[in-house]
S.K.: 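Structure incoming, see below.
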Amino acid sequence: MKKPIIGITPKIERYSELDIIFEVQGQNAFYVDSVKKSGGIPILLPIVSDEQMCRELLGMLDGIVFSGGHDLSPYVYGEEPLAKIGAMDPTRDVSDVMMLKIAKELKLPILGICKGEQLINAVFGGTLYQDISYNKDAYIIHSQKNLPQHPAHLVDIIKGTHLSEIYPDAEQIRVNSLHHQCVKDLAPEFRVSALAKDGVVEAIEYTGDQFILGVQWHPEMMYEYSEEARELFDFFVKKVNLQKKVKLKK
Ligand code: MN
């Protein structure tokens, strides 16, 4: 079987030169390299706004990674922006929300990373803490000051979840932490699969018949340094391959 094609959602970076504003759509090489090294063919996706185009584009994929980035617009989960919300990008949010809904419809295996995890929770009916300080129980540093390839804190792996399948012998793993928002109310039909020691939700997954996993940390940045980060991508690519086989049989 051919290697699976795995899309990576883009962020937008803008810079100006000679009074022209240039927009760069893409993601950093950590995502690309992690997918490659775990056996997938990575494809950097463009920003989309047309539904038909999005459908055709995602129809070419076997799996999709929703990448990290700015804060998600709180309108996606029905809230006004609070004082401590960070920078947002409505152009990207329109694209991300459309892609996620269509990826779900197409039954693509989905991996959400950081903002990607928050997006999954919000789009499927959950809410976010717009800043972790709004969660009075949170006391751990979630915006680490050490290098992102190094772990920041522990997360407890919840039994009976996909994550516990990835780490059958581990009750907890060390992860990096580069987020100032987190899940508040969990989306219906989802379960929590990892928690920080302060109760901050660190991973969620769909309970239905489709692989959708969101992690709050950045395994792609730890790929070269952490067996556990590699295992997570390996598992995702394995799930993508399984779903590809199901599709080929039809
Ligand atoms: Mn964290």
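Count residues from 1 along the sequence. All ligand and atom numbering here is 1-based and tracks the order in the structure.
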S.K.: For the NZ atom on Lys3, are there more than 12 heavy atoms of other groups (residues, nucleotides or ligands in this structure) within a distance under 6.0 Å?
M.R.: no
S.K.: If you group Ile, Leu, Val, Met, Phe, Trp and Tyr whenever their side-chain heavy atoms sit less than 4.5 Å apart, what else falls in with Phe22?
M.R.: Tyr15, Ile20, Val24
S.K.: By residue and atom, what protein N/O/S atoms are less than 2.8 Å from the Mn ion (ligand 1)?
M.R.: His142 ND1, His153 NE2, Ser177 OG, His179 NE2, Glu202 OE2
S.K.: For Phe30, what residues pass the side chain to side chain contact (heavy atoms under 4.5 Å, CB included) criterion, not counting sequence neighbours?
M.R.: Asn28, Glu220, Met221
S.K.: Checking the side chain of Asp62 only, and the main-chain atoms of Ile5 only, is there a donor and an acceptor separated by less than 3.5 Å?
M.R.: yes
S.K.: Check this for me: does any side-chain nitrogen of one of Glu224 and Lys37 sit under 4.0 Å from a carboxylate oxygen of the other?
M.R.: yes
S.K.: Output every pair passing side chain to side chain donor-acceptor pair (under 3.5 Å) with a member in residues 158-167, not counting sequence neighbours, ordered by first then second residue.
M.R.: none
